[in-house]
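In what follows, a structure is listed as structure tokens, so that the remarks can point back to it.
Every number for a ligand or one of its atoms is a count from 1 in the order of the listing.
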Amino acid sequence: MTQTPTATRQIVLASRPHGAPTSDDFRLEEVDLPELADGEILVRNMLMSVDPYMRGRMNDAKSYVAPFRVDAPLDGGAVGEVIASRADGLPVGTHVLHRLGWREHAVLPAAHAAVIDTDAAPASRYLGLLGMTGLTAYVGLTAVAEMREGDTVFVSGAAGAVGQAVGQLAKILGAKRVIGSAGSPEKVARLLELGYDEAFDYKETSVRDGLRAAAPDGIDVYFDNVGGEHLEAAISTLTTFGRVALCGAISQYNATEAAPGPRNLFQAIGKGLTLRGFIVGQYDHLAHEYRPRASTWLAEGRLRGDETFRDGLDGAPQAFIDLLAGANTGKMLVRL
Ligand code: NDP
């Protein structure tokens, strides 16, 4: 019988980055694991997610989610297997999704873990298309941008985890045309394989020119993962009563000074545009609607998503640094 571990390894925030994070901002530590209390489980983490929002949590700034603390472990989405349990209903061997990533083992109350079915879909999908990533794409398109059949939809960051899902979901839900932008020719080619009608490399052309060429008749919906130049170009290209889901602004996450706003925001007046921000957690009530639909679309092969894997807890900081620089196609995950 394998012995229950009494210690584990975790990544702590060593310092708050100025600009782009570096490996010096992280530290690997070995720590003792606490004894399980009643109602708690010990999980061996198999996979953890690195996500752009974690960059914001490295700053000491008030936001919708608490900042990471210096010298304390980072956290985030993870899936793993219960290897010791003092909780009814979560026996050893159960696979769970929880929030204590960035460590090899986690002790947590059973109430903070959700059981996942790894026979129905690979564990990684619960951190991607069947998890926060997919739900973000779905609620951004449906509840936030109120996409309608026949719309032309533009998606930035389109080859990333959320972006790949947005384009495919838009087509499934009846969009007429879907246009994506991404940061390399390989990513552009992949978008076309995934069903995007048009895609352009924003590093090869200005977003304004790329979008004009791809959408000569304008766009009805813009799903914004990037902000900055992308948002400005989209505002110019949106048709009357166009709608924008403000999902992310990754072009500004490492900025050391406030970035200028879209210089053409005034156009929103004449065109009657709606620009609406959202956090996926504000739409948790739509998860029960999304998950069964997504499971079906996945099983049918209509919804696909790439996964970029890195190995080992030691590799997690670099995976996160590389994610912000665009090394991933689809969801970036770390195998532990
Ligand atoms: P991605 O998988 O999309 O990874 C990030 C990608 O951003 C990179 O691959 C890179 O691709 C792109 N990128 C980096 N810098 C720039 C830049 N300066 N300009 C344009 N693109 C850039 O991550 P996610 O899918 O997890 O997240 C996508 C966006 O959605 C993020 O902004 C994130 O913060 C946001 N988000 C928001 C949520 C919400 O609740 N509102 C929930 C989840 C995510 P490339 O090679 O194309 O540059």
Side-chain angles (χ1 to χ4, degrees), residues 19-21 48-59 63-65 76-77 124 127-129 131-141 143-145 154-169 180-191 194 196 199-207 210-211 222-234 244-255 259 275-284 286-287 290 305-310 319-334:
M48 59 166 267
S49 178
V50 287
D51 297 275
Y53 78 89
M54 293 170 177
R55 175 63 190 85
R57 296 187 67 191
M58 296 176 86
N59 298 336
S63 175
Y64 64 94
V65 54
S124 58
L127 292 168
L129 288 176
M132 180 188 77
T133 300
L135 187 61
T136 301
Y138 183 77
V139 303
L141 267 180
V144 182
F154 172 47
V155 187
S156 57
V162 172
Q164 285 193 340
V166 175
Q168 295 174 84
L169 291 175
S181 71
S184 75
E186 294 77 18
K187 289 186 180 186
V188 165
R190 183 63 184 144
L191 290 177
L194 289 175
Y196 272 79
F200 64 91
D201 179 351
Y202 71 89
K203 292 180 179 165
E204 284 296 312
T205 171
S206 71
V207 184
L211 188 52
Y222 172 46
F223 194 106
D224 190 16
N225 284 317
V226 167
E229 191 192 344
H230 274 87
L231 179 55
E232 195 167 291
V244 179
L246 297 169
C247 175
I250 197 163
S251 68
Q252 292 162 15
Y253 293 173
N254 284 326
L275 289 85
R276 191 184 287 168
F278 75 103
I279 294 300
V280 60
Q282 295 159 344
Y283 293 84
D284 270 346
L286 292 181
Y290 169 68
D306 294 326
E307 296 173 320
T308 302
F309 288 103
R310 296 291 175 82
F320 172 68
I321 292 166
D322 291 348
L323 167 82
L324 296 177
N328 61 306
T329 301
K331 180 78 194 133
M332 182 71 113
L333 294 165
V334 182

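Heavy-atom proximity to Leu324, at under 4.0 Å, picks out these atoms of ligand 1: 14 (C), 15 (N). Within ligand 1, counting atoms from 1 as listed, the ones closer than 4.0 Å to a heavy atom of Gly330 are 2 (O). Which parts of ligand 1 touch Ala249 is read off a 4.0 Å heavy-atom cut-off, strictly below it: atoms 32 (O). Ligand-side atoms of ligand 1 in range of Leu323: 4 (O), 5 (C), 8 (C), 9 (O), range being under 4.0 angstrom from any heavy atom. Within ligand 1, the atoms closer than 4.0 Å to a non-hydrogen atom of Val226 are 19 (N), 20 (C), 21 (N), numbered from 1 in the order shown. Distances below 4.0 Å separate heavy atoms of Gly160 from the following atoms of ligand 1: 1 (P), 2 (O), 3 (O). The ligand atoms of ligand 1 that sit less than 4.0 angstrom from a heavy atom of Ala161 are 1 (P), 2 (O), 3 (O), 25 (O). Interface atoms of ligand 1 facing Val280, defined by a heavy-atom separation under 4.0 Å, are 39 (C), 40 (O).
Distances between N or O atoms of Lys331 and those of ligand 1 include no value under 3.5 Å. Note: an N/O pair closer than 3.5 Å links Phe278 and ligand 1 by distance alone. Looking at ligand 1, you won't find any N or O of Ala327 less than 3.5 Å from one of its N or O atoms. Between Lys203 and ligand 1, a contact under 3.5 Å exists for no N or O pair.
Checked by atom type and distance alone, the side chain of Tyr196 pairs as donor or acceptor with a backbone atom of Gly167 at under 3.5 Å. Distance alone, capped at 3.5 Å, places no donor-acceptor pair between the Gln164 side chain and the Ala161 backbone.
Using a 4.0 Å cut-off between heavy atoms, Thr136 contacts ligand 1 through its side chain alone, with no backbone atom that close. Residue-level proximity to ligand 1 for Lys187 is carried by the side chain, the only part with a heavy atom below 4.0 angstrom.
Proximity annotation for atom 19 (N) of ligand 1: of Tyr64, Phe223, Tyr253, Tyr202, Tyr202 comes nearest, heavy atoms only. Counting only non-hydrogen atoms, the option in Asn225, Val162, Thr308 that gets closest to atom 25 (O) of ligand 1 is Val162.
Nearest non-hydrogen protein atom to atom 26 (O) of ligand 1 is Pro52 CD, 3.3 Å.
In this structure, Phe154 and Tyr222 have parallel ring planes: the angle between them is below the 30° cut-off, well short of the 60° mark. Classification of the Phe200-His230 ring pair by plane angle, with boundaries at 30° and 60°, yields parallel.
Proximity of Cys247 to ligand 1 is established by a heavy-atom distance of less than 4.0 Å.
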Inset, instruction - Could you give me the CA-CA distance, side-chain angles and deciding distance for Leu246 and Leu231, then say whether side chain to side chain contact (heavy atoms under 4.5 Å, CB included) is met? - result: CA-CA 9 Å; Leu246 297 169; Leu231 179 55; 4.1 Å; yes
